[in-house]
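Report on the structure given below.
The shown structure was predicted, so the numbers you read here are calculated from the model rather than taken from an experiment. Every chain is numbered from 1 and lettered A, B, ... according to where its sequence line falls, protein lines coming before strand lines.
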Amino acid sequence: MNFSEVFKQSSHLCNFSPDGKYLATCVQYRLVVRDVSTLQILNLYTCLDLISHMEWSSDSQFILCALYKRGLVQVWSLEQPDWHCKIDEGSIGLVASRWSPDGRHILNTTEFHLRITVWSLCTKAVSYIKNPKACHKGIDFSRDGCYMALAERRDCKDYVCVFVCDDWHLLRHFETETQDLTGLEWSPNGCVLAVWDSCLEYKVLLYSLDGRLLFTYSAYEWSLGVKCVAWSPSSQFLAIGSYDEKVRILNHITWKKMAQFEHPATITTTKAIVYKEVAKRSAAGSEELSLPNITMDSTVLSNQSKYEIHPAPVQMPVVRPDPDRANPKIGVSTLAFSSDSRYLATKNDNMASVVWVWDLQKMSLEAVLEQMSAVRCFQWDPRRSRLAICTGNTNVYLWTPAGCVSVHVPSDGGFQVQSLTWHCHGDPLILLGKEQLCLCYTTTGAEDK
Amino acid sequence: MGERWTTVPGDTFMENYDDISSISHVTMSPSRQNNLVSLQPLSKSSYHLLTVFCTNDNIPQCVSYINQELSSMGLSSCMALSSVGSASLSAAPALNAAFELLQIHRRTMATLEDLEREQIKKSSTLDHMQMSNSRLRDQLELSIREKSGLHETERQLQLKIKTLQSCLKTEKEEVQKLQSIVASRASQYSHDAKRKERESAKLKERLSQLLVDRKDKKLAIDILNCLGRADGKRSHWKTTKVTASHEGQMYKSMLRDYEASQRSLMLENAQLKKVLQQMKKDMVNMLSPRQASCRGAGTDDSQEMLDSDGEEKTGDSSREILERSCDPAREQLTNSIRQQWRKVRSHMEKLDHQVQNQVESNKEVIPRETHEGEMERMRREVQQCKEFIHTQQQLLQQQLNTSFDDETAELLNDCYTLEEKERLKEEWRLFEEQKRNFERERKYFTEAAIRLGREKRAFEEDRASWLKSQFLNMTPFANRSRCSSTDGYSALSTRSEPETRTSSAKSQLSKSPNCTSFSTPKHTSAQSTAVPSTTELYRTLRLIPDSSSSGCSNRGRRREAGSTTDDDRDSRVKAKNRVYSGDLSIFSLGDDNSLT
């Protein structure tokens with residue numbers, strides 16, 4: 001595993017272009033675009049203020065930089081560095097800005113979710129969408145970029161608007177049977193829209209593109225309900241993580257529950273492999289010290305760790321949440337399907353240091369990774385069944401069906417990995433520290449050959 | 001002091017008691033008794049003086065008194081009043097009386113002791129009873145107390161239950177109240193939330209209105225030059241046509257998706273159907289032999305057969321069905337599968353029944369035809385095997401007869417010699433046995449011959465002596481002894497009469513009949529041995545009786561029973577010969593013996 005040198009970045013604004021050729025990073029009010037292969041700076045743009053949000057257009061031609069404080073959006077062109085575009089939302093304020101899938105429109109959400117302004121870069125035309133719902137995920141584009149679903153709140157009722165992204169024509173507008181809609185998400189094939197209610201009620205609704213209700217799923221009543229929802233890339237499964245520490249998998253034909261993954265505090269199944277991260281002993285370190293050419297490791301020796309496989313009955317560290325506080329730290333909050341829909345990685349909030357990997361072919365627990373500290377972020381390789389995990393320390397962890405590895409990120413100042421992003425082709429992995437980033441190359445040249 | 005006090009009265013009491021007991025048998029005159037009673041508490045010395053019962057002066061009175069007392073007690077008086085006025089004490093009755101008194105005293109003492117012991121026992125049991133009584137009383141009290149305690153606790157518990165029940169009731173009420181409160185609050189909250197939301201919506205509306213009204217200058221887009229569309233097309237006007245096209249697009253995409261899903265389902269379905277077809281074919285294959293066997297069993301079966309035939313036809317066109325995949329085809333397929341499945345199931349059940357029946361009655365419940373067929377087959381097999389064996393034998397014999405090579409010949413020879421050897425061995429064994437028998441007989445004969453020789457010699461001696469005596473009888477003393485010897489002769493003659501003709505020795509004997517009377521008890525036997533008949537000899541010598549010798553030969557014959565009848569006859573002949581030879585050998589042996 002190789003690591004690039006460390007670059008500066010701010011507020012975790014850093015991403016590869018959708019075509020995988022460029023890497024854009026924001027440093028305070030500057031936007032830096034590099035070539036991924038050489039890491040040389042191709043362009044450097046300077047914005048008017050601190051960049052709050054940055055996003056690549058779908059064609060990798062433009063970069064959107066939102067300056068929320070100023071209510072400004074600046075757009076930069078990669079091909080024409082001189083080209084510039086500035087959108088000012090004025091006194092109404094700006095809380096969110098995003099590209100439309102065609103890369104020629106920008107959707108700005110104003111403060112108080114008063115409206116969504118759609119700016120066309122082709123015609124300078126502006127259009128408004130009123131009453132967008134202020135919720136966790138109130139807007140979602142279909143994978144093919146044709147349709148946009150938007151949650152709307154009007155007369156104390158939830159509605160869903162389906163727009164055609166091409167000309168922002170309102171295709172469908174229908175009321176949903178929710179008390180307080182919290183999120184919506186298109187299935188990857190763009191035919192089914194999953195809508196879920198707030199955590200006060202366990203309710204997941206499935207709508208077809210033309211607004212027909214396909215299925216209503218509710219696992220239980222009264223206690224806190226859905227925490228997160230994820231579609232598998234194949235659109236075959238809908239995974240629902242809830243406050244009862246379970247993940248329920250619905251199938252795409254009958255929409256019935258086909259599996260239920262529990263997250264027990266004691267793992268008794270012998271089929272799953274339990275990896276436990278342990279700190280490397282200083283004795284082992286001294287051995288390494290005796291080797292003449294490894295000098296860098298000696299400085300950060302204490303931070304290194306390795307995985308140990310533990311036999312079947314394993315007790316997981318559980319933190320009981322405070323019942324008096326809102327949004328209790330319990331239940332499955334993160335779900336991630338691997339690119340081939342074979343594996344599902346989950347995280348249960350009251351076992352924050354544990355990542356669970358489930359096999360969807362066998363519908364059983366495949367592996368459990370018990371980290372030393374709370375898991376910050378995990379993401380699947382978009383090409384392979386490979387899960388990258390970071391826990392806010394100087395290591396990056398990789399899980400594959402074959403095994404599990406903990407890699408120390410070499411750096412002078414102690415690079416603390418707080419977030420990570422895979423390249424679309426699966427190789428370099430961006431590791432984001434507090435104000436730095438570095439690229440991690442998982443395959444060496446020899447392997448590529 | 002205390003000790004003294006306790007001991008001294010005891011002593012005095014004991015003494016007193018002794019004294020009293022010594023006198024107690026005598027019912028005292030009241031004055032005396034009074035005296036005694038009055039004397040008891042007095043000191044020893046005074047008591048000694050006063051207790052003198054009899055003095056020289058009052059002997060008669062004493063005697064009479066004692067007499068009286070004794071008679072009252074039913075004892076014989078100890079003295080005879082010899083003369084009036086002076087009663088003299090006769091010693092013997094007095095002593096008797098004293099002895100009797102002593103006996104009585106001892107007896108009473110013993111009974112007293114017994115009584116005392118009993119009393120002590122009784123008292124101790126009494127104590128025990130009292131103790132146990134008190135203990136039981138205590139227990140009773142305790143249990144009563146316990147009972148009351150339990151009653152108390154029960155009461156308390158009941159009270160508690162009552163309070164708890166009341167608590168529960170209140171709690172329930174509370175819960176209901178709370179539930180209603182919650183519900184009312186929730187409705188209130190939702191109402192308020194709605195109100196607030198409406199307010200905020202109004203506010204938002206107002207705000208946006210205000211913003212629009214203010215003509216916010218800042219709200220603007222500053223762009224260098226407009227971009228072309230990503231797809232390179234120009235944008236369209238918003239017309240109904242466009243909206244319709246959007247609808248169409250949507251439906252098209254939906255249709256596409258449905259088609260895709262249908263395709264995948266079709267594919268899956270087709271695969272499942274294929275599996276089903278395969279299964280059906282297997283089933284048909286599996287069932288067909290059975291059906292063939294029970295083709296003529298019943299009308300139902302034949303009907304089924306027809307059905308299944310039809311199905312088979314349809315099964316052949318399974319691909320067709322797969323492609324058709326319409327309702328009737330599917331129905332047909334499922335129906336046929338169902339039927340087949342039913343058949344399989346019934347078949348399985350039948351098999352199960354068969355197995356059960358077999359287990360139960362241990363009888364074969366195989367259909368008759370199959371059974372017979374099986375039997376026929378087995379018979380054929382047996383026949384084949386027999387033929388095979390026969391041909392093999394023939395071949396072997398041919399080989400033997402015609403030209404067998406050396407090895408086989410040797411082998412066969414070996415076989416035959418082995419057989420021969422066995423037979424010879426058997427014969428040898430027989431022979432050995434016979435030899436042994438002969439040996440034994442010979443031994444007996446030699447012994448007999450030796451004895452004979454000895455007796456012969458004795459006879460010779462006797463004869464010599466007899467001749468001598470006869471020679472001496474020429475003397476005048478011979479008459480007396482002669483008459484006695486004639487008696488003996490007559491007795492002898494009756495015995496030896498039938499044998500007179502046979503031997504010359506007898507003539508000799510007859511010539512000298514007197515010798516027997518003179519001879520020793522040996523004589524008779526010696527005379528019989530002189531007769532040369534072997535059987536007689538045997539019998540007299542008690543060597544081997546005739547029967548035993550024949551038994552011996554019998555034994556030999558029995559041994560040969562396994563051999564052929566000819567052999568048997570031969571052996572019988574041989575045995576006879578043997579007997580004869582045995583007879584002959586007796587003589588020869590006798591000769592031998594004489595030689596040795």
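There is a side-chain donor-acceptor pair under 3.5 Å between His246(B) and Asp167(A).
The residue among Lys86(A), His105(A), Gln61(A) with the most heavy atom pairs within less than 4.5 Å of chain B is Lys86(A). Chain B forms the most heavy-atom pairs under 4.5 Å with one residue out of Asp155(A), Val75(A), Leu121(A), and that residue is Leu121(A). Among Ile106(A), Val73(A), Leu114(A), the residue with the largest count of heavy-atom pairs under 4.5 Å with chain B is Leu114(A).
The two residues Ile221(B) and Ser120(A) make their nearest non-hydrogen contact at CD1-O, 4.2 Å. Closest of all the heavy-atom pairs between Arg212(A) and Tyr258(B) is NH2-OH, 3.2 Å. Shortest non-hydrogen contact noted between Ser253(B) and Leu209(A) is OG-CD2, 3.3 Å.
Residue pairs satisfying the salt bridge (charged side-chain N to carboxylate O under 4.0 Å, His left out) criterion with at least one member in residues 115-135 of chain A, sequence neighbours excluded, are listed as follows: Lys130(A)-Glu205(B), Lys133(A)-Asp158(A), Lys133(A)-Asp180(A).
Expressed to the nearest 0.5 Å, how far CG of Asp222(B) lies from CG of Asp88(A) amounts to 9.5 Å. Between the CD1 atom in Ile92(A) and the OG atom in Ser208(B) there is a gap of 7.0 Å [rounded to 0.5 Å]. Rounding to the nearest 0.5 angstrom, the gap separating the SG atom in Cys191(A) from the CZ atom in Arg256(B) is 8.0 Å.
Here the side chain of Lys204(B) pairs a donor or acceptor atom with the backbone of Phe112(A) at under 3.5 angstrom.
For a residue to count as touching a neighbouring chain, one of its non-hydrogen atoms must lie under 4.5 Å from one of that chain's; by this rule Arg153(A) touches chain B with the side chain only. Looking at Leu265(B), only its side chain comes within 4.5 Å of chain A, counting heavy atoms on both sides. Only the backbone of Asp82(A) comes within less than 4.5 Å of a heavy atom of chain B; no side-chain atom from C-beta onward does. Interface remark: Trp119(A) contributes side-chain atoms only to the contact with chain B (heavy atom separation under 4.5 Å). Contact of Ile253(A) with chain B is made through the side chain alone, with heavy-atom distances under 4.5 Å.
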Val192(A) and Asp257(B): CA distance, side-chain angles, deciding distance, side chain to side chain contact (heavy atoms under 4.5 Å, CB included) verdict: CA-CA 10 Å; Val192(A) 183; Asp257(B) 176 65; 5.7 Å; no
From CA spacing to verdict: side chain to side chain contact (heavy atoms under 4.5 Å, CB included), Met254(B), Asp210(A): CA-CA 8 Å; Met254(B) 274 178 71; Asp210(A) 57 345; 3.3 Å; yes
Verdict with supporting geometry, Val164(A) and Gln249(B), side chain to side chain contact (heavy atoms under 4.5 Å, CB included): CA-CA 10 Å; Val164(A) 180; Gln249(B) 279 288 323; over 6 Å; no
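Heavy atoms from other residues, nucleotides or ligands lying under 6.0 Å from CD of Gln80(A) number more than 12. Heavy atoms from other residues, nucleotides or ligands lying under 6.0 Å from CD of Glu79(A) number 12 at most. Annotation for Tyr29(A): atom OH does not count as buried by contact number, only 12 or fewer foreign heavy atoms lying within 6.0 Å. In His136(A), the NE2 atom is not crowded: 12 or fewer heavy atoms of neighbouring residues, nucleotides or ligands sit closer than 6.0 Å.
Within residues 187-200 of chain B, the residues having any heavy atom under 4.5 Å from a heavy atom of chain A are, by residue number, Lys194(B), Glu197(B), Arg198(B).
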